[in-house]
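Small disclaimer: the values here were computed from a predicted structure and weren't measured. Reminder, nothing fancy here: chain letters follow the sequence lines and each chain counts from 1.
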Protein chains: 2
Amino acid sequence: MVRIRPLLPEDWPATWHVMKPVVRAGETLPFDPSMDAEAGYAIWVEAALQAFVAVAADGRVLGTYHIKPNGPTLAAHVCNCGYVVAATARRQGIGSLMFSHSRDQALALGFRAMQFNLVVSTNTAAVQAWQRNGMAVVGTLPGAFRHQRLGFVDAHVMFKVLKGD
Amino acid sequence: MVRIRPLLPEDWPATWHVMKPVVRAGETLPFDPSMDAEAGYAIWVEAALQAFVAVAADGRVLGTYHIKPNGPTLAAHVCNCGYVVAATARRQGIGSLMFSHSRDQALALGFRAMQFNLVVSTNTAAVQAWQRNGMAVVGTLPGAFRHQRLGFVDAHVMFKVLKGD
């Protein structure tokens with residue numbers, strides 16, 4: 001039974017353990033692949049409005065997501081979220097579980113829509129998962145992501161109106 | 001003869017005088033319409049990589065633009081720019097002059113592309129001006145801008161590959 005709860009400072013070592021290989025790979029997240037745990041905490045937790053962890057029954061961290069306004073005041077009714085699932089916990093619906101939680105959380109926080117700014121086109125599993133959850137590709141940015149293995153690849157902007165869902 | 005030069009701290013009162021009515025209107029820029037000069041400086045100058053002013057022969061500030069990376073490390077080869085033209089200096093090509101300058105500046109700084117994240121759809125003069133300058137609408141975000149007069153309106157994501165231009 002996976003449950004989602006707020007990320008506490010003491011969860012960071014376990015959460016970073018999940019995120020670190022994804023950051024190092026530089027294939028899906030835009031962050032500096034060489035960044036350390038402290039910089040990761042600043043970007044993922046401190047710069048967000050809220051951060052959460054998905055934990056197994058035994059307390060292991062299986063994933064994490066964060067939510068923040070996508071822009072300043074007149075664009076702050078649209079939220080932006082980022083998600084990471086542990087390599088060992090893929091294809092178990094944890095991404096979709098976190099997405100549902102983030103959607104409810106977004107509505108509870110008063111957001112009207114959700115936007116992903118940079119979904120790497122080569123990350124087809126993610127693109128398809130978000131589409132299954134109602135996020136639409138509204139545009140594609142040519143060469144906008146510097147993939148550490150493939151070079152410059154396209155990225156999608158994805159969007160979903162939440163209000164009135 | 002309009003010329004473009006780096007914005008110096010002492011240019012801020014004159015620059016804010018140009019920006020303030022645009023910020024207050026809340027129809028094109030996403031910033032808090034009630035923000036003060038100090039907050040404006042933090043957002044427009046300090047949070048940018050570089051900021052510029054367009055000045056008339058007599059030294060009057062007619063417009064301003066800024067440039068910054070659009071995202072963190074693996075998206076930092078795409079720049080983001082914002083432009084404001086004084087209400088008294090519209091339809092004189094100052095926006096296009098600043099755009100050309102920003103394009104050259106972007107290339108000099110090593111950026112490969114330019115992205116505008118939130119071009120308000122009702123600001124048709126801007127949309128058309130950017131299109132004339134080669135920026136393409138790659139996607140439209142439903143209701144992503146809270147227009148102070150019209151309510152929630154769509155905003156465009158615009159993009160232009162610079163490298164190899």
With a 6.0 Å cut-off on the ring centroids, do Phe52(A) and Tyr83(A) count as close?
no

Is it the backbone or the side chain of Ala75(A) that comes under 4.5 Å from a heavy atom of chain B, or both, or neither?
both

Using side-chain heavy atoms (C-beta onward) and a distance below 4.5 Å, is Phe99(B) in contact with Trp130(B)?
yes

So, the part of Phe159(A) with a heavy atom under 4.5 Å from chain B: the answer is side chain

So, Glu27(A) and Gln148(A): side-chain donor and acceptor under 3.5 Å apart, yes or no?
no

Hey, which residues of residues 60-70 of chain A are touching chain B, say heavy atoms under 4.5 Å apart?
none

Heaviest contributor of heavy-atom pairs below 4.5 Å to chain A, chosen from Val78(B), Leu29(B), Val138(B), is Val138(B)

So which part of Ile43(A) gets closer than 4.5 Å to some heavy atom of chain B, the side chain, the backbone, both or neither?
neither

More than 12 heavy atoms of other residues, nucleotides or ligands under 6.0 Å from CZ of Arg5(B): is that the case?
yes

Tell me whether the count of non-hydrogen atoms from other residues, nucleotides or ligands lying under 6.0 Å of CD in Glu38(B) goes above 12.
no

Scored by heavy-atom pairs under 4.5 Å with chain A, the best of Gly139(B), Gly143(B), Ala144(B) is Ala144(B)

Within a radius of less than 6.0 Å around CZ of Arg3(B), do more than 12 heavy atoms belonging to other residues, nucleotides or ligands occur?
no

Using 0.5 Å steps for rounding, measure from the OH atom of Tyr41(A) to the CH2 atom of Trp16(A).
13.5 Å

Is the closest side-chain donor-acceptor distance between Asn117(A) and Gln115(A) under 3.5 Å?
yes

Polar contact flag, side-chain donor to acceptor under 3.5 angstrom, His156(B)-Ser121(B)
no

Chain A interface, residue from Leu141(B), Thr140(B), Val137(B) that has the most non-hydrogen pairs under 4.5 Å:
Leu141(B)

